[in-house]
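We use all heavy atoms of the structure for the numbers below, so side chains are in, but hydrogens, waters and symmetry mates are not. Labels below follow one simple rule: chain letters A, B, ... track the order of the sequence lines, proteins then strands, and each chain is numbered from 1.
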Amino acid sequence: MEEMIGRGRDAIEMIVDQNSFQEHTIESYSFDPEFGPGSVVGTATLNGRLVTVIANDAEAFNPRFPVVFAGVIGLEEGYKMATAVYRTIEADRDKELSEKRPIILIVDTPGNGPGKVEEIIGMNKSTGAYQLALAEARKAGHPIVAIVIGRAISGAFLCHGLQADHILSLSKDFGTMIHVMPITSISRITKLDIERLEELAEENPVFAAGVNFFYRLGGVQEIIENLEDMRTVIDKHVSEIYEIKAKGEYEKLGPWGRGLLGAERGGRISRKTVIDKMANEFAAVKSKYLNA
Amino acid sequence: MRSWEDIQAGSFFEANARERAFGIVDKNTFTELLNPRDRQASPHLPVLGEAIGFDDGIVTGVGLIGKRPIFVVSQEGRFIGGAVGEVGGAKMVATLKLALQTYEEVKKQYPDSYQDRLPAVVISFETGGVRLHEANAGLLAHAEVMDLFQDARHKIPVISVIGSKVGAFGGMGFVAGAADVVIMSEQGRMGLTGPEVIEQEVGKDEFDASNKALVYRTTGGKHKYILNDCNFLVKDQVGAFRKQLTEVLEQPFEQIEQYRRIGSMELVQEQIELVDTAAKLEPKDAMDIWKYFGNEEPAKLPELSVEQFLKVAKRRPRKN
């Protein structure tokens, strides 16, 4: 099986229309090509439709922030990705809902920049800024589709992926990894052996690493089995998302939508119980707080 | 539980999550939602041989400050380090959702005076982020919280309060930073990657996680205050946090939104300038940044009391 790990730039070419990708450009805005080399941003067309593309570049190294290599999202990278999203919102600000261009997130990242300078300056803001930008774009009507082609690890996946409307993933046969920690680390912490953990994971998808477990939790909408299908499946989801947004059913999409999907697929049951119970308990005391 | 007055006078750091929730709002106004008697524990922990907590390490509820409903989330570091799983994550999500629904109802019920009754969300952080025993569900919950933070924009203020032992790290580090206002004590810490992980990644020579002074200089309240990542630094006392929170809430919402550090193109631009500064300065220690922003004797700052520190500390200048 042809793996896509470390091949974010190849994935862009496989997904968008041939020779349509213009890196460093969103509408009239041009990015400094030296800034945030660990992430790739630009504009392309997908089936003739204008899209913003945001990906990781596993081959790039950031000389100013040396923790950035192998697809790590560093201080510059997070803000560059956020800027790409805000420029996209700006470019389509006055357009109809059906004209808001999609944003395609190609996900292959092992983590957020870990380091002393990163903590001094506040890496939490860089990754947070990107997430808020994506949430704003999603709520403004831009369809956002993420596709996991390689590694989607913990905080980096939260940053680059988990704010999308729909998340797609290549199947595990491509070596895709979605997790917070590998099962070996979970084994060390829980002091249970790996075989036992793997058994348990079959019944309960909440802790073990893997695309299929995220699927059952509603974290992945659809799994893609063939590389040739990436283009068409992404395009299909873009169309679906446009339709859902046209009806104003935003709660079916994004993180909240994944919560509903997780319950539907039986992977996340407690979430709904908690939300319902709290709503009921609040209803009983509400007037005291509304009419103080 | 101690009386409201005792809690006010006492340390925020030493208080537990329930005391912090009870004490951060007006006297005897706090109602806990999904309290331990509901026994809504994590169904995932027993499977992995871990003890459960009937509140899953997180206290949620509603209180009042004046006429304003204050929706409170308070994390408990003594339970599995305050890590967030499916139940705890859903409790945070539900609290935010209720605050947003209350906003709509208040607006409808008091069309002319709803500003005085505007709900707010207050989150006291004490967590390293995702709970590994239920990591996938915890991760997905983090994304929901960020999504609801964005829903709250321009509607109701969201305020982070950090004064606990564990601080706000991992995914909850960026949740904390994404609020409208951040209030910290000197003991509070905020970051993404915890000290042990940095040491593991960059080596003990560059970052010694056992060096407490270094850890506080890098992520503690005073540093974040100089950087303007924390808006208000208060002394380690529940009453001091409550007083600061009350003062913030007395301001018009437009003004409260000015405290944000991220959340718009302009703010991102401002942060990029800070990153450019770091690239040029190549700080070896947070003190290099303090000096850059005009603190001539940075080594003295950690020793000062909060009162003295607030008088002399120079901060990163903000635009506007």
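What you find for B:Gly263 and A:Tyr86 is that their closest heavy atoms are C-OH, 3.1 Å. Contact between B:Thr95 and A:Met278 at its shortest, heavy atoms only, is OG1-CE, 3.4 Å. Closest heavy-atom contact between B:Val275 and A:Glu76: CG1-CG, 3.7 Å.
For B:Arg217, the side-chain hydrogen bond (donor to acceptor under 3.5 Å, both in side chains) test picks out B:Asp285, with sequence neighbours left out. B:Glu134 meets the side-chain hydrogen bond (donor to acceptor under 3.5 Å, both in side chains) test with B:Ser42, B:Arg131; sequence neighbours excluded.
With a 4.5 Å cut-off on non-hydrogen atoms, A:Tyr79 touches chain B through its backbone and its side chain both. The parts of A:Leu217 that come within reach of chain B are both its backbone and its side chain, each placing non-hydrogen atoms under 4.5 angstrom from that chain. Proximity to chain B involves both the backbone and the side chain of A:Asn291, based on heavy atoms less than 4.5 angstrom apart. With a threshold of 4.5 angstrom between heavy atoms, A:Leu162 approaches chain B through its backbone and through its side chain. Looking at A:Lys80, neither its backbone nor its side chain comes within 4.5 Å of chain B, counting heavy atoms on both sides. Heavy atoms closer than 4.5 Å to chain A are found in the side chain of B:Leu227, but not in its backbone. For A:Pro205, the part sitting under 4.5 Å from any heavy atom of chain B is the backbone (N, CA, C, O) and nothing else. With a 4.5 angstrom heavy-atom cutoff, A:Ala284 does not touch chain B via any of its atoms. For B:Arg189, no part lies under 4.5 angstrom from a heavy atom of chain A. Heavy atoms of A:Leu200 lying under 4.5 Å from chain B belong exclusively to its side chain. For B:Glu266, no part sits under 4.5 Å from any heavy atom of chain A, backbone or side chain. Both the backbone and the side chain of A:Ile121 have a heavy atom closer than 4.5 Å to some heavy atom of chain B.
A salt bridge links A:Glu251 to B:Lys97: one of the charged nitrogens lies within less than 4.0 Å of a carboxylate oxygen. The residues A:Lys139 and B:Asp147 are annotated as salt-bridged, a charged nitrogen and a carboxylate oxygen being separated by less than 4.0 angstrom. Ion pair A:Lys125/B:Asp229 flagged as a salt bridge, since at least one NZ, NE, NH1 or NH2 atom sits closer than 4.0 Å to an Asp/Glu carboxylate oxygen.
Residues of residues 267-274 of chain A lying under 4.5 angstrom from chain B, judged on non-hydrogen atoms, are A:Arg268, A:Ile269, A:Ser270, A:Arg271, A:Thr273, A:Val274 in numerical order. Of residues 128-138 of chain A, those residues with a non-hydrogen atom less than 4.5 Å from any non-hydrogen atom of chain B are, in numerical order, A:Gly128, A:Ala129, A:Gln131, A:Leu132, A:Ala135, A:Glu136, A:Arg138.
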